[in-house]
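This report refers to the structure that appears directly beneath it.
In what follows, residues are counted from 1 in the order of the sequence shown.
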Amino acid sequence: LFNSSKESLLSIMFSKFTIIFLVVISFISSQALQQDRELFSIYGKIMTVSIQNENDYSLGVHCKSGDKDIGYRLLKKGELYEWRFRLNLKKTTLYFCGFHNGQIEKGVFDIYDATRDEERCQICTWKAVEDGVYGYSNMSPPPALLFYKWLK
């Protein structure tokens, strides 16, 4: 009789544990929580940088950080160069990009600097135009500011 009630108690405890486990897994998998976890996790916010060429010429863009080369893109008018990354825990993330038009170097600029951009934009949009590179923020209305003038 004692073994039977002990087995019964263990069976009930296992069933309750299973139900609680399934409820927790369902909650963690929920769409709303997934989005929050993606944007704000213990590993840092996910940031997006987007550079659009609005010039009538093809613009070469090469972006990298201190430890990661994002790569080179040749952007025709209207084309985008975009990447996503997690803000590091120290909030020292820095990406810089070199711009050129054929053989003409237009400049190398800090396109994402955590100390400047963490609060300014989570989706940091840049437009390369005739006189330089304009930055857009998440603020409403979104003011476009000339951040960098072309060197040539």
Side-chain angles (χ1 to χ4, degrees), residues 13-152:
M13 287 177 55
F14 180 76
S15 296
K16 285 183 180 183
F17 173 78
T18 302
I19 291 169
I20 290 170
F21 178 77
L22 292 174
V23 168
V24 168
I25 293 298
S26 296
F27 179 72
I28 289 171
S29 302
S30 72
Q31 185 68 20
L33 190 58
Q34 281 291 76
Q35 289 172 350
D36 287 346
R37 242 190 16 212
E38 182 176 319
L39 295 177
F40 304 99
S41 76
I42 61 170
Y43 302 110
K45 287 191 246 181
I46 292 182
M47 310 303 280
T48 301
V49 171
S50 174
I51 302 169
Q52 185 171 15
N53 180 21
E54 291 296 321
N55 292 291
D56 290 329
Y57 53 83
S58 292
L59 183 67
V61 183
H62 189 180
C63 298
K64 55 175 93 174
S65 70
D67 61 352
K68 185 169 185 179
D69 189 337
I70 304 300
Y72 172 83
R73 304 280 189 292
L74 185 61
L75 303 177
K76 296 178 186 165
K77 183 175 182 168
E79 289 185 332
L80 288 175
Y81 182 177
E82 186 174 271
W83 71 95
R84 295 175 72 176
F85 58 92
R86 287 194 187 277
L87 186 61
N88 68 20
L89 294 176
K90 294 179 182 177
K91 298 182 181 178
T92 58
T93 304
L94 175 68
Y95 284 94
F96 53 93
C97 299
F99 297 84
H100 70 84
N101 171 20
Q103 300 298 318
I104 301 170
E105 290 297 321
K106 306 295 256 176
V108 177
F109 309 114
D110 291 345
I111 292 299
Y112 185 86
D113 180 347
T115 57
R116 177 192 67 202
D117 297 323
E118 180 192 9
E119 297 301 320
R120 186 181 75 82
C121 56
Q122 188 162 347
I123 299 172
C124 301
T125 303
W126 298 89
K127 291 199 178 182
V129 297
E130 184 178 333
D131 59 340
V133 182
Y134 284 77
Y136 294 80
S137 70
N138 294 341
M139 298 174 196
S140 180
L145 301 173
L146 177 62
F147 273 76
Y148 305 109
K149 287 182 126 324
W150 297 132
L151 299 179
K152 297 178 185 180

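Residues satisfying the ring-ring contact (aromatic ring centres under 6.0 Å, His included) criterion with F96, sequence neighbours excluded, are absent altogether. Partners of Y95 by side-chain hydrogen bond (donor to acceptor under 3.5 Å, both in side chains), not counting sequence neighbours: none found. Under the salt bridge (charged side-chain N to carboxylate O under 4.0 Å, His left out) criterion, K91 pairs with E118, not counting sequence neighbours.
Contact annotation: the side chain of T92 never approaches that of L94 to less than 4.5 Å [non-hydrogen atoms, C-beta and beyond]. In this structure, the side chains of V133 and F147 stay at 4.5 Å or more apart for every pair of heavy atoms. Here the side chains of I70 and F85 are not in contact, with every heavy-atom distance at 4.5 Å or above. When side chains are defined from C-beta on, W83 counts as touching I51, because their heavy atoms get closer than 4.5 Å. For the pair T125/Q52, no side-chain contact is recorded, criterion being any heavy-atom separation below 4.5 Å from C-beta on.
W126 contributes atom CH2, which lies 5.0 Å from atom OH of Y148 (distance to the nearest 0.5 angstrom). Note that OG of S58 and CZ of R73 are 14.5 Å apart. Values are rounded to the nearest 0.5 Å. Residue T93 holds its OG1 atom at 11.5 Å from NZ of K68, rounded to the nearest 0.5 Å. A distance of 6.5 Å separates NE2 of H62 from OH of Y81, quoted to the nearest 0.5 Å. Of the inter-residue distances, the one linking N53 atom CG with K76 atom NZ reads 11.5 Å to the nearest 0.5 angstrom. Atom CH2 of W150 and atom NE2 of H100 lie 11.0 Å apart (nearest 0.5 Å).
Listed by first then second residue, pairs satisfying salt bridge (Lys or Arg N to Asp or Glu O under 4.0 Å) with a partner in residues 51-67 read D56-K77, not counting sequence neighbours. Residue pairs satisfying the disulfide bond (SG atoms under 2.5 Å apart) criterion with at least one member in residues 60-93, sequence neighbours excluded, are listed as follows: C63-C97.
Annotation for L146 and Y134: closest pair N-CD2, 3.5 Å, computed over non-hydrogen atoms.
In this structure, the side chain of Q122 does not engage the main chain of M47 through any donor-acceptor pair within 3.5 Å. Judged by distance alone, the side chain of D117 and the main-chain N or O of C121 form no donor-acceptor pair under 3.5 Å.
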Tabulate below the donor-acceptor pairs under 3.5 Å that side-chain atoms of residues 102-114 make, not counting sequence neighbours, or state none.
residue, atom, partner, partner atom, Å
K106, NZ, K152, O, 2.8
D113, OD1, T115, N, 3.2
D113, OD1, T115, OG1, 2.8

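Judged purely by distance below 3.5 Å, without hydrogens or angles, the side chains of D69 and Y72 never pair a donor atom with an acceptor atom.
Atom CD1 of I123 has 12 or fewer neighbouring heavy atoms from other residues, nucleotides or ligands inside a 6.0 Å radius.
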